[in-house]
Amino acid sequence: FNPVDGSIVTTGKSHLATWRMAADDSKLEKKMGLFGNEKANYVTCVAFNPETGQMFTGDTNGNILCWETGGNTIARVIRDAHEKGVLTLE
């Protein structure tokens with residue numbers, strides 16, 4: 001749950017989806033995360049900057065992905081942040 005914009009994030013094998021309520025509150029709208037050339041095996045955890053809402057994810061390859069604030073593209077990759085999978089971010 002993103003505390004800044006109220007979105008919800010779901011993750012799994014090579015995917016990430018951000019869900020937001022439609023402007024008329026009639027349904028949830030999904031925006032898929034775009035990994036580009038990154039080979040995320042499983043996205044294992046998600047954290048948000050409580051002030052800006054920027055999203056960070058960890059994966060089973062030991063990488064941390066920093067996402068564009070409010071967007072669905074990767075801004076920065078921290079490769080091999082952990083020797084095994086990243087299971088939690090704080």
task: Find the distance between OG1 (Thr69) and CD (Glu51) and round it off to the nearest 0.5 Å.
output: 12.0 Å
- request: State whether Arg76 and Glu68 are salt-bridged, where the test is any N-O pair (Lys NZ or Arg NE/NH1/NH2 against Asp/Glu carboxylate O) under 4.0 Å.
  value: no
task: Quick one: pull up CD1 in Ile8 and CG in Asn2 and give me the separation to the nearest 0.5 Å.
output: 10.5 Å
- request: Enter the distance from Glu38:CD to Asn63:CG here, rounded to the nearest 0.5 Å.
  value: 7.0 Å
- request: State plainly whether one hydrophobic cluster holds both Val9 and Leu89, where clusters connect Ile, Leu, Val, Met, Phe, Trp and Tyr through side-chain heavy atoms under 4.5 angstrom apart.
  value: no
query: Hey, does Thr18 have a side-chain heavy atom less than 4.5 Å from the side chain of Lys30?
result: no
- request: Identify whether Val46 and Val77 are in the same connected component of the hydrophobic contact network (ILVMFWY, side-chain heavy atoms under 4.5 Å).
  value: yes
message: Applying side chain to side chain contact (heavy atoms under 4.5 Å, CB included) to Arg20 and Leu28, what does each step give before you reach the verdict?
response: CA-CA 5 Å; Arg20 290 186 176 87; Leu28 286 173; over 6 Å; no
task: Could you give me the CA-CA distance, side-chain angles and deciding distance for Trp67 and Thr57, then say whether side chain to side chain donor-acceptor pair (under 3.5 Å) is met?
output: CA-CA 8 Å; Trp67 296 80; Thr57 60; 3.0 Å; yes
task: Might you work through the side chain to side chain contact (heavy atoms under 4.5 Å, CB included) test for Lys31 and Glu29, ending with a clear yes or no?
output: CA-CA 7 Å; Lys31 183 190 263 188; Glu29 296 177 330; over 6 Å; no
- prompt: Pro50 versus Val4: any side-chain heavy-atom pair under 4.5 Å?
  reply: no
field: Option among Ile74, Leu34, Thr11, Asn72 that satisfies the side chain to side chain contact (heavy atoms under 4.5 Å, CB included) test with Leu16
entry: Thr11
message: Quick check on the hydrophobic clustering: are Val43 and Phe48 connected, directly or via other members, by side-chain heavy-atom contacts under 4.5 Å?
response: yes
message: Hydrogens and angles aside, do Ser7 and Trp19 bring a side-chain donor and acceptor to less than 3.5 Å of each other?
response: no
message: What's the separation between atom NZ in Lys84 and atom OG1 in Thr44, rounded to the nearest 0.5 Å?
response: 14.0 Å
message: Just checking Asn37: does its CG atom have more than 12 heavy atoms from other residues, nucleotides or ligands closer to it than 6.0 angstrom?
response: no
query: How close do Met32 and His15 get, heavy atom to heavy atom, and via which atoms?
result: CE-CB, 4.0 Å
statement: Rounded to the nearest 0.5 angstrom, the NE2-CD1 distance for His82 and Ile64 is 9.5 Å
query: To the nearest 0.5 Å, what is the distance between SG (Cys45) and CZ (Phe56)?
result: 12.0 Å
message: I'd like to know if the side chain of Asp80 reaches the main chain of Glu83, judged simply by a donor and an acceptor atom lying under 3.5 Å from each other, with no hydrogens or angles considered.
response: no
